Each structure stands twice: as C-alpha cells, then as structure tokens.
Amino acid sequence: MFKIINREEMAEGTVILNEIEAPLIAKKARPGQFVILKANDTGERIPLTMADTNTEKGTITIIFMVVGKSTALFKTLLVGDAYQDVIGPLGKPTHLEKLGDVICVGGGTGIAVLHPITRGLKQAGNHVTAIIGSRNKDLLILEDKMRAASHELHVCTDDGSYGHKGFVTDVLKKILNEKKDQIKLVVGIGPVPMMKFVSLVTKEFNVKTLVSLNPIMIDGTGMCGGCRVSVGGKNKFACVDGPEFDGHAVDFDELSLRLQAYQEDERQCYDHFCKCQD
Amino acid sequence: MAKNEKIQRQQMPEQAPLVRKNNFNEVPKGYTAEMAIQEAKRCMQCKKPACVEGCPVGVDIPGFIKHVSNGDFTKAISKLWEKNSLPAVCGRVCPQENQCEGKCILGKKGEPVAIGNLERFVADYEREKQLATRPEKAEPTGKKVAVVGSGPAGLTVAGDLVLKGHDVTIYEAFHKPGGVLVYGIPEFRLPKEIVFSEVSGLEKMGVNVQLNTVVGRIVSIDELFEQGYEAVFIAVGAGLPTFLNIPGENLIGILSANEYLTRANLMKAYLFPKYDTPVVRGKKVITIGAGNVAMDAARTALRLGAETSTIVYRRSREEVPARQAEVHHAEQEGVKFHFLTGPTKFLGNDKGRVVGMEGLKMVLGEPDASGRRRPVPMKNSEFELECDLAIIAVGAGANPLLTQSTEGLSLNKWGYIIADPETGKTSKKGVWAGGDIVTGSATVILAMGAGRQAADSIHQYLSWGW
Ligand SMILES: Cc1cc2nc3c(=O)[nH]c(=O)nc-3n(C[C@H](O)[C@H](O)[C@H](O)COP(=O)(O)OP(=O)(O)OC[C@H]3O[C@@H](n4cnc5c(N)ncnc54)[C@H](O)[C@@H]3O)c2cc1C
Ligand SMILES: Cc1cc2nc3c(=O)[nH]c(=O)nc-3n(C[C@H](O)[C@H](O)[C@H](O)COP(=O)(O)OP(=O)(O)OC[C@H]3O[C@@H](n4cnc5c(N)ncnc54)[C@H](O)[C@@H]3O)c2cc1C
Ligand code: SF4
Ligand code: SF4
Ligand code: FES
C-alpha cells in the first residue's frame, strides 16, 4: 500500500496534488519519468508523471487533473488513505544537459509535468525561459514554483484574466522572433493540441522541440502496444521509448483520435461512479 | 490388453457451447472421482511408457495413474508433484495431443488415455481436500535468490529453491502474480483462483513475492547482487507484441492480443463497469493468427458480445498451431475460420475507428525455415471483410526492457537471452534464464521444465560454485 501523506486541491478543485510514500521509487526516479497507479481492487491502471520526488522523506508527488472516473476516484482519497498499487519509475528520463538558451512551455496540468524538467534544465546550467498558460487565472497551477525553476517566466490566460491574453504559442513566437538563433531547445508539455501548435511554431524556426505524450496505457513496460504513437512514420511505444519525443516528428492527429478510444465507455463508468457517490 | 481397449475414453463434461459462449466460467467441468477411476483403468501400465517420453518434464504417468485407479488420489498428487509443481495448470493447458497423449500407445488404435484430464482431476481434488503433505523444507541455507517474473518458469524455480532451504524473492512487474497464466489465458480456460492458490502455496512455504516491481527500472540485476542476492533467475517471458506493419494498423479498434487479453483478464474488463478498465467490445470481430493466443482472443470476443468472431489465418487448417481442444471449442462456440487469407490493409472511418480489413487469398508454396509450407499471395484475389474490432495475434517477441539494461548478458539476434539448454546458465555470472525469454513463445510446461533445470543448477552453484 502506498500512503498519501500530503494532499492539496488546486485550480478550484479540478487539479489534485498527492504526496505519496514510495521510498524505492523516489530513490530511482528522474525528471520526465512517470508512475502507474491503481487505487483499489477494481481500479484502472492510470499513468501520471512524477511532479516531484523527495528521497529523504521517501515520497513522490503527482498532480492530476480530474477528467474521468479514475481521476475522480483518486480525488476521493485523502491524507492517510493509500493507493493499492504504484509502479515505477517508468519511461525514459529527460536528457538534461547544458545547451544554452532553452524555452519551457506548459499548458494546464502539463505544467506539473514540465516543472521538474524546467528545474533540471536550470540546474544543468541553461538559461531557462518558461511560458505557462491556462484557460483563466483560477485554473493556473504552480506559478511560484515555475518562477523559481526558471530565469524568466511568462504567464498567459486564454481569457486575459491574468498575464498575457492569449495562447502560450503567441509568446513563444514572439521570443523566437527576437532570439531565434540563440534558442537551442523548446520543451512543450500540455494538452495534445497545444503540443501540436508549439511544434508547428518551432518547426518554422527550426528549433529542436521535445514534447511529452500521454497515450492510453495499460502495463507501461512495452508489453501491450496500446500506447503506440507514430513518430517519424514509425510506431513507438510511449511507455518505453518515450514519453518524450521529437515534436516535429509526432503524428498529433492520430494521437488525438486514439485518446478517444474509450470515450463512451468512460462516460458510462464515470456516470455510474457519480451516481454511487450521491 | 483387450480389457483396457473396451472401456471408452471418459468424455469430459462441458458447459454447452451456446450457454458458455455467454459466460466466463470454465468450459470443462472436470471428472468425477468415478470417471477418473474408470479412465485410469484404461491405462495399460506399459513397461516402457511412451507417454512419459512425450512429457517435457517426464511425469511418471503410469505411476500416478495407478494410484488414481486405486482411488488413492493423495498418493497420485504426491507422484505428480515429484516432477510437476503446477499439475492443475498443466492438466488444463498442455498441448497433450503433441506431448504425453500423442505418444500414448492406446492412441495408435483408438483414443489415448486422458492424461491431462486425470492430472487436472487429481490436482483439483487435492486443492479442495488438502490431504497431501507437501515435501519437507530443508534447513535454511542463508543464501538469497532473486527470481524475475512470476510466470510458470519463475514459479517453478521459486518452489524448487525454497524447498532446498534458500531464501527466495520473486519480483513481478504487474500487480498480480502468474505471468501469462493470469494476464493472457482467459478465466474460461484457466480460472485465476487456481493460479493464486498455487502462488499462495509458495508464499506459505516462505517465498517472498514482490509485486509492482519492474526489474530494469526500479532495480537492476547488478543492484540485486549488491543487495546480497547470490543468484538471479530471469523469467520475464516473451512480452513484446508483434504487429503486422500494414496500413491502418493504428486505427481505434485494432489491438494486440496482449492488450486485448490483459484488459479482459487481468483488468477484468468483462465485468466493466464494476471494474473500471474498458475494452473495445466489437460486434464484428476479426482475430489475425491461429495459435492459442488467437483462439483465446476470438472466444473472449464472443463472450464480450460479438455477433461474429472470425479467425483470419494465412496458412491452412493443417498448420494451425493452437491446441486441438481449443480449436474444437472455438468452432463449437461459433468462431468462423478464414484459412489461407492474409490481411494487407485496415480501413477506417472519419472518427479513426476501424471498419474493415482488406486481404488477399493465399496458396501454400514451398516449405519455409520452420518446415511449414509458405503461404504465397494469389494474384487478383483481393477481398474485404467488415469489422469493428481487429485483434492481432501473430506472435510475440523478446521484450528488451530488462535485457538492455543488464550488462554482460548475451542475446541472440532476436533479442532472446542465450542460456545453456541443460542448465539455464547465461553469459553473466550468477544469472540464469528460462522460459519464453530464452525459447521464444512456447508452452507452460516447457517454461516449467526450464525452471526445474535452472533450479537444480542454481542449487549446485549455491552449494559448490559457478
Ligand atoms: C506518461 C503519461 C503521463 C501522464 N501524466 C499526467 C499528469 O502528470 N497529470 C495528469 O493530469 N494527467 C497525466 N496523464 C494523463 C492521465 O493518465 C489521464 O488523464 C487519466 O488516465 C485519465 O483517467 P480517467 O479515468 O480519470 O479519465 P478517463 O475517463 O479515462 O478519460 C477522460 C477523458 O480523458 C481522455 N484521456 C483518457 N486517457 C488519457 C490519457 N492517457 N491522457 C490524456 N487524456 C486521456 C479521454 O479521451 C477522455 O475524454 C498522463 C498520461 C501519460 C500516458
Ligand atoms: C493468450 C495465451 C495463451 C496461451 N495458451 C497456452 C496453452 O494453452 N498451453 C501452453 O502450454 N502454453 C500457452 N501459452 C504459452 C505460455 O503461457 C507461455 O509459454 C508461458 O507462460 C511462458 O512462461 P514464462 O514463465 O517464461 O513467462 P510468462 O508467463 O510470460 O511470465 C513472465 C512474467 O514476467 C513478468 N515480467 C516481465 N518483465 C519483467 C520485469 N522487467 N521485471 C519484473 N517482472 C517482469 C511479466 O509481467 C510476467 O508476469 C499461451 C500464451 C498466451 C499469451
Ligand atoms: S505435464 Fe503436460 S505433458 Fe506432462 S503429463 Fe502432464 S499434461 Fe502431459
Ligand atoms: S502409454 Fe498410455 S497406456 Fe501406456 S502407460 Fe502411458 S498412458 Fe498408460
Ligand atoms: S502501455 Fe503497454 S506497451 Fe506501453
């Protein structure tokens, strides 16, 4: 059992943070890696990236958006409750090296995934510009942490309720226009459409781009092929070959479609769950 | 001799096809004690039993059958355990027609002794009654052994070595132990309760089972040695799905058999939404391939509500690699077979979901490397088959996750671990390997046989050195 020792609600309760006791995973995990969690006997295996680890306390932190049955179930777990199964660390860690000027772009809950990578890139000696965005001010997460993890932070909201009004890609484009030859790497993590557009922008400027993909997974060990994504026309298994890939080579449209595979079933399962909660 | 030949082989009572295709309960119901004794009496107790030669682990078949015919089922199970630690499993899933029963002398003229059914009966009887005493455990040796993977190979090694007094820990990537026995083979063929009862038996003997542990990620083989393990047995199976690499294969509704069966079995998607994991429930289902895995997928699809479930296989009926019993059961339940057909392309709709398959008819040409006649496409034989779920069951490969993170482990060109066929020793000191990760996809009993040999070799090593 993997006990929750700290829990926070963010973005008006739509995003939840759990700090979980998992000393062995905490010791091994590197930025960019994820875990698979299962709440109870009847639960689904859900992949979530580690937003932080603490080797001294032996804990890992996950931050997830409540989107369906399983994440809604996770939301009901309180401090002192436990996940039945946590498997990890899985996936390849981010390759953190000194390159010079880099930009980290995060949207929505993707900011949680981006944070440890941003911090790692800064620690590796890069000059890090971060751009984060959300639909509105109340949904923005981890602003302070992202400010601390970067040298320069730009905030965007779709509705203009805070920071720059517009999309993260607007700011990205502006910065690339100003110093395109200086930027060595862009890391973009967020909803699939956001990653797609970040990659389209950076492609224009020919800047290397990493994205972190979130296909549907089961085992997380390369055994089922359910997480396959087309990268450069080849099939890759996101759980073992990724989750990070070259944004310019990823077929985002296929990924978007594949994420819909169980939409109707998920709705049924979620409704069933909501009824039981009432 | 004449006497034995007169008794008919006892037919296994089964759920009727039209009933069972709507449930996940086991298909065969098992022999009664009377039937088992009757069947055992058919055995002629051959002096040179051919059946034993057909069994990869050399079960003393006439020996255990003799006890059955005397009604002494407790002695029978002890006899089985001498060579086979999972008789309840093997009785159900061994391809007996190619192994023990295929060699039985009675099969020459009539039907062979139902060795598998008897093995299953004896094991089920013991599981229910718990009368036999397990072999004594030796004094603790203080030596630690790690087993990676909890499929039949890993379970066998763990069982053998714990008896010899060693301190054994099994590391398993999944949240449940059993390997293919729990994630692949469906409930209607092998109830999971049997596997869990075997594992809990091992735990009672002192085997430590660590689930949720992906070796190669959270801990490496070298780190296991640093932690004080003196020997490591690798039995991670052949867990890499093979795809066809044809256009349209990433459409929604096209799944590897591994994914389909894992969702259905391990995650219990057949009980959705009581269990949270969904699985694509096709009305018109195509399964590509004709091994045990394909039969399991095609029959699972029927139970999940398919109107039609069709096997597409590029060779002919003669080459079908699945157990005869499974092919027979599948046909009874209404699975259709398209032989000599090969898929070339999948067709999708605007939502990215599969709606059909394009294929070609085949003829059999010259024998290929496997000795089977190679299927060759016929010109202008294109055809289309409608489907809303396609399951790819054309074999598995070596999963590189562990092997590539382990230094000094020699692999063959397909990525399987090279191990001594007699002992299971690998190129890395203190490391043994066995089962599907050495042989490629094979059978439960071969994996167990490899486990037994490796356990002997590991025990020798722990006693005398490499
Ligand atoms: C490697 C990896 C890391 C991830 N890290 C995080 C993270 O740190 N924080 C976080 O909030 N989420 C993360 N995700 C996504 C998370 O796994 C899904 O949101 C979760 O599985 C949804 O489960 P559910 O049962 O609550 O929703 P469901 O009912 O399964 O789905 C609800 C909706 O979400 C969509 N969906 C389903 N599965 C996914 C998926 N894997 N990714 C995106 N959308 C999906 C469906 O299309 C559906 O519309 C990650 C995914 C992967 C593969
Ligand atoms: C659907 C299906 C039906 C079959 N039907 C039959 C049949 O009827 N009769 C028959 O004889 N054979 C059958 N087989 C074949 C048989 O099941 C296998 O040959 C046998 O299970 C191989 O045993 P194993 O111990 O080598 O590996 P597996 O049973 O594959 O077990 C390997 C275990 O290792 C775990 N693992 C993998 N990587 C790691 C890691 N890095 N760290 C920790 N753990 C890890 C896996 O999760 C798994 O639990 C079937 C196979 C399938 C898939
Ligand atoms: S283990 Fe398998 S092959 Fe051997 S006797 Fe039993 S059923 Fe036959
Ligand atoms: S070959 Fe057949 S008849 Fe002879 S001992 Fe074996 S099972 Fe009995
Ligand atoms: S999740 Fe199964 S292969 Fe990646």
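Proteins come first, then strands; the chains are lettered A, B, ... in the order of their sequence lines, and each starts at number 1. Predicted model, so just to flag it, every value in this text is computed and none were measured. FYI, side chains are in, hydrogens and waters are out, and symmetry mates aren't considered; it's all heavy atoms of this structure.
When each of B:Leu240, B:Leu402, B:Val280 is checked for heavy-atom pairs under 4.5 Å with chain A, B:Val280 comes out on top. Here B:Ile254 is the residue among B:Leu211, B:Leu271, B:Ile254 with the most heavy-atom pairs under 4.5 Å with chain A.
Only the side chain of B:Leu401 comes within contact range of chain A, judged by heavy atoms closer than 4.5 Å. Contacts between B:Leu251 and chain A at a heavy-atom distance below 4.5 Å involve the backbone alone (N, CA, C, O). Heavy-atom distances place no part of A:Ile46 under 4.5 Å from chain B, backbone and side chain included. Only the side chain of A:Ile218 comes within less than 4.5 Å of a heavy atom in chain B; its backbone stays farther off. Residue B:Val219 touches chain A through its backbone alone, counting heavy-atom pairs closer than 4.5 Å.
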Anything under 3.5 Å between chain B and chain A that's a donor-acceptor pair? List each one with its distance, please.
{"from": "B:His175", "atom 1": "ND1", "to": "A:Arg45", "atom 2": "NH1", "distance (Å)": "2.8"}
{"from": "B:Asn212", "atom 1": "ND2", "to": "A:Asp85", "atom 2": "OD1", "distance (Å)": "2.8"}
{"from": "B:Glu223", "atom 1": "OE1", "to": "A:Lys28", "atom 2": "NZ", "distance (Å)": "2.6"}
{"from": "B:Glu223", "atom 1": "OE2", "to": "A:Lys28", "atom 2": "NZ", "distance (Å)": "2.8"}
{"from": "B:Glu249", "atom 1": "O", "to": "A:Arg228", "atom 2": "NH2", "distance (Å)": "2.7"}
{"from": "B:Asn250", "atom 1": "O", "to": "A:Arg258", "atom 2": "NH1", "distance (Å)": "2.8"}
{"from": "B:Asn250", "atom 1": "OD1", "to": "A:Arg228", "atom 2": "NE", "distance (Å)": "2.8"}
{"from": "B:Asn250", "atom 1": "OD1", "to": "A:Asn235", "atom 2": "ND2", "distance (Å)": "3.4"}
{"from": "B:Asn250", "atom 1": "ND2", "to": "A:Ser230", "atom 2": "OG", "distance (Å)": "3.3"}
{"from": "B:Asn250", "atom 1": "ND2", "to": "A:Asn235", "atom 2": "OD1", "distance (Å)": "2.7"}
{"from": "B:Asn250", "atom 1": "ND2", "to": "A:Glu254", "atom 2": "OE2", "distance (Å)": "3.0"}
{"from": "B:Ile254", "atom 1": "O", "to": "A:Arg228", "atom 2": "NH2", "distance (Å)": "3.0"}
{"from": "B:Ser256", "atom 1": "OG", "to": "A:Cys224", "atom 2": "O", "distance (Å)": "2.6"}
{"from": "B:Asn258", "atom 1": "ND2", "to": "A:Met223", "atom 2": "O", "distance (Å)": "2.7"}
{"from": "B:Arg263", "atom 1": "NE", "to": "A:Tyr262", "atom 2": "OH", "distance (Å)": "3.3"}
{"from": "B:Asp276", "atom 1": "N", "to": "A:Thr42", "atom 2": "O", "distance (Å)": "2.9"}
{"from": "B:Asp276", "atom 1": "OD1", "to": "A:Lys69", "atom 2": "NZ", "distance (Å)": "2.6"}
{"from": "B:Asp276", "atom 1": "OD2", "to": "A:Lys69", "atom 2": "NZ", "distance (Å)": "3.3"}
{"from": "B:Arg353", "atom 1": "NH2", "to": "A:Gln260", "atom 2": "O", "distance (Å)": "3.4"}
{"from": "B:Arg353", "atom 1": "NH2", "to": "A:Ala261", "atom 2": "O", "distance (Å)": "2.9"}
{"from": "B:Asn399", "atom 1": "ND2", "to": "A:Thr221", "atom 2": "O", "distance (Å)": "2.9"}

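Considering only residues two or more places apart in sequence or on other chains, B:Thr344 meets the side chain to side chain contact (heavy atoms under 4.5 Å, CB included) condition with B:Glu358, B:Leu360. Shown here are the ring pair (Phe, Tyr, Trp, His ring centres under 6.0 Å) partners of A:Phe197, two or more places apart in sequence or in another chain: there are none. Residues passing the side chain to side chain contact (heavy atoms under 4.5 Å, CB included) test with A:Pro47 are A:Phe34, A:Ile36, A:Met217, sequence neighbours excluded.
Separating the CG atom in B:Leu261 from the SG atom in A:Cys224 is a distance of 11.5 Å, to the nearest 0.5 Å.
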